[in-house]
Amino acid sequence: MEAKIQIPPVTLYNTRTREKEEFKPLKPPYVGIYVCGPTVYSDPHLGHARAAVVFDVLRRYLTSMGYKVRFVSNITDVGHLEGDADEGEDKIQKRARLEQLEPMEIAQHYTRVYNNAMAKLNVIPPNIQPHATCHIPEQIELVQTILDKGFAYVVNGSVYFDVPKYAQKYEYGVLSGRRLEELESVTRELRGVEEKKHPADFALWKKAPPTHIMKWKSPWSVGFPGWHLECTVMNAKYLGIPFDIHGGGMDLIFPHHECEIMQAVAAWDTEPVRYWMHNNLITIDGQKMSKSLGNFITIEQVFTGEHERLSKAHHPMALRVLILQTHYRSVIDFSDSGLASAEKAYKRLVQALKKLETLEFIGGKTDSSKEDKIIKHINNFYEFMSDDLNTARAIAQLFDLTSIINQLANEGKSVQTVSPEIGEILKRQYSHTLVDILGILPEDEHLDTSRLHAVLQILINLRQEARKHKNFQLADRIRDQLREIGIILRDTPYGTEWELE
RNA sequence: GGCAGCGUGGCCGAGGGGCUAGGCGGGGGCCUGCAAAGCCCUUGACGGCGGUUCGAAUCCGCCCGCUGCCUCCA
């Protein structure tokens, strides 16, 4: 890192303490991050995209600072109970019955769909992507530990966490700010006859009804693990308790993350997580997007444009930019026009990057105020990223740099107003912040375009000759026909550029 | 009902007592065979009513409107 660029210490808003805290890993330079992954029984939607992109940027940022990050994100393939207790049916099983498939076939299919979507969004795959069904023995073991410690009880082959007992020894609701008495008054009327001693108790192990397909042997019954168990088990197994950062959507704070804390504290007498981070939700027309409301847009629909609310197919990076232009703790009200505007913004950033790569900084007539601005914007970028991952402000700095790059490019290929030293910093940092840290990929990097490149160069050269001879009819025909197949030609002071639409 | 939060210019979205956010769009100009892109200039905002203050979009109070969690969910 060059001397002129300073990266301030990272502060993160910790849901647990409700304030921004300086991030200090337990065992530097190692950082453990766990993010709640998807339940794989349907297509991933915009909400999945947001959580994944937000924590991908966190991971990239910490990595760029020299931390060695282990990033764990699970696949929930057991399915959780639907509705309450005894009426419950495993989600994946339900879907399997509907489609006449093996439950594991469903899980496998949607895991693949999810991972494909993540790849398109340029989300780096987790270092470990553990599956709940691969950790049944560990989950059974944890249930036993909690039973041994006296914080759970067995009823008819099911095991429940004893929340009132826990609340006697430890504080209840540390994450969500919820109080046990209030919870009781609300939930009492909602629930019918059941095995739980207290409405706030939750299942650690459920005995499976005879029709249930996904089930495993345990000391208590043939059944399946409770909703919150897998995360605790996989935290402990792959990151150790306690570990640094646990992330997920805000809707998971209660009860999911609250239960995770109780399980870990009950089992090991230690709060499991140093920093709890929660991204806010995505709304559509001001309404929460959710599975139960059925108003969600899948990630793939954004890319194909096949949804009544979408006017066209959008570039995956447009979605990424849209997400990063909002701070992660604010709501994003999703719209087609917002996505379209993000797409234009994305193109601007990427065009500036391409342009910057062709520039040569020779100095000679250096403009120190311009150079100062460049350094200032780069430092601001890091300052805002370190301030609770404020990607909205950080990306604004990149737009300011974009503007400067465009001005420099107007000088021609050889730039005199910026010294070679500052020019190199600009080149390195602009690319590093945009591509490596924010994960905004220049277009078509995945595509092998080398031959297409060569062919277009031939056409561009022919057109150039036609223009030289003032044969504009031919020149325009070449450009128009290329446009018809989605290739746009653009004449610039330093030659003709092309771009795929 | 309990808890948490939000209301910013045409749209999206940062910020948060005096200091240009940014993106998209609109207007004017430069460049150009034309087009596109780019550049320069520009427009324009802090839900309502009170209060604190030399000064409030920013702090406090009340009111209005909206959202999330309390049921699986990112």
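Convention: sequence-line order gives letters A, B, ...; per-chain numbering from 1. Every value quoted in this text rests on a predicted model; they were computed, and no experiment measured them. Just so it is clear, the values below take in all heavy atoms, side chains as well, and ignore hydrogens, waters and symmetry mates.
- Here Arg490(A) lies in heavy-atom contact (under 4.0 Å) with a base.
- For rA37(B), the OP1/OP2 oxygens have no side-chain nitrogen or oxygen of Lys355(A) closer than 4.0 Å.
- At rG2(B), none of the side-chain N or O atoms of Arg179(A) fall inside 4.0 Å of OP1 or OP2 (strictly under the cut-off).
- Remark: rG26(B) base-pairs with rU42(B). Criterion, Watson-Crick or G-U wobble with two distances under 3.5 Å.
- Within the 4.0 angstrom heavy-atom criterion, no nucleotide atom of any strand lies near Ser335(A).
- Under the side chain to side chain contact (heavy atoms under 4.5 Å, CB included) criterion, Asp388(A) pairs with Leu12(A), Tyr13(A), Lys20(A), His327(A), Tyr328(A), Arg329(A), not counting sequence neighbours.
- Across all strands shown, Asn390(A) has heavy atoms under 4.0 Å from sugar-phosphate atoms exclusively, and none from any base.
- When the side-chain nitrogen and oxygen atoms of Arg348(A) are compared with OP1 and OP2 of rC39(B), one or more of them lie within a distance under 4.0 Å.
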Give me, pair by pair, the N or O atoms of the protein and of nucleotides 40-46 of chain B that are less than 3.5 Å apart, along with how far apart they are.
residue	atom	partner	partner atom	Å
rC40(B)	OP1	Gln407(A)	NE2	2.4

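- Residue contacts for Ala396(A): at a heavy-atom cut-off of 4.0 Å it reaches a base atom on one of the strands shown.
- If you check rC34(B) for Watson-Crick or wobble pairing at under 3.5 angstrom, you find it has no partner at all.
- If Ala340(A) and Arg393(A) are placed on RNA chain B by their nearest nucleotide, the residue sitting closer to the 5' end is Arg393(A).
- Not a single donor-acceptor contact under 3.5 angstrom links the side-chain atoms of Asn280(A) to the base of rC6(B).
- Using a 30° and 60° split on the angle between ring planes, His257(A) and His278(A) fall in the tilted class, from 30° to 60°.
- Put simply, the side chain of Arg479(A) and the base of rC34(B) share a donor and an acceptor less than 3.5 Å apart.
- Gly47(A) comes within contact range of at least one nucleobase, with a heavy-atom separation under 4.0 Å.
- Interface remark: the Asp333(A) side chain does not form any donor-acceptor pair with the rG13(B) base, using a distance-only criterion of under 3.5 Å.
- Ala392(A) comes within contact range of at least one nucleobase, with a heavy-atom separation under 4.0 Å.
- Heavy atoms of Arg18(A) sit under 4.0 angstrom from primed sugar atoms or phosphate atoms, though from no base atom.
- In this structure, Phe399(A) does not pack face-to-face on the six-membered ring of rG23(B), missing the 5.5 Å centre cutoff or the 30° plane limit.
- Pair assignment for rA57(B) gives none, since no Watson-Crick or G-U wobble pairing has each distance under 3.5 Å.
- Within 4.0 Å (heavy atoms only), His278(A) reaches no atom of the nucleic acid at all.
- When heavy atoms are screened at a 4.0 angstrom cut-off, Leu281(A) is found touching base atoms of the nucleic acid.
- In this pair, Phe202(A) and Phe161(A) present their aromatic rings parallel. The plane angle is below 30°, not in the 30 to 60° band.
- The gap from the C1' atom of rG25(B) to that of rU67(B) amounts to 27 Å, rounded to the nearest Å.
- For the OP1/OP2 pair of rC39(B) and a distance below 4.0 Å, the side-chain nitrogens and oxygens of Asn406(A) include at least one atom meeting the criterion.
- Within 4.0 Å of Leu398(A), counting heavy atoms only, lies no atom of the nucleic acid at all.
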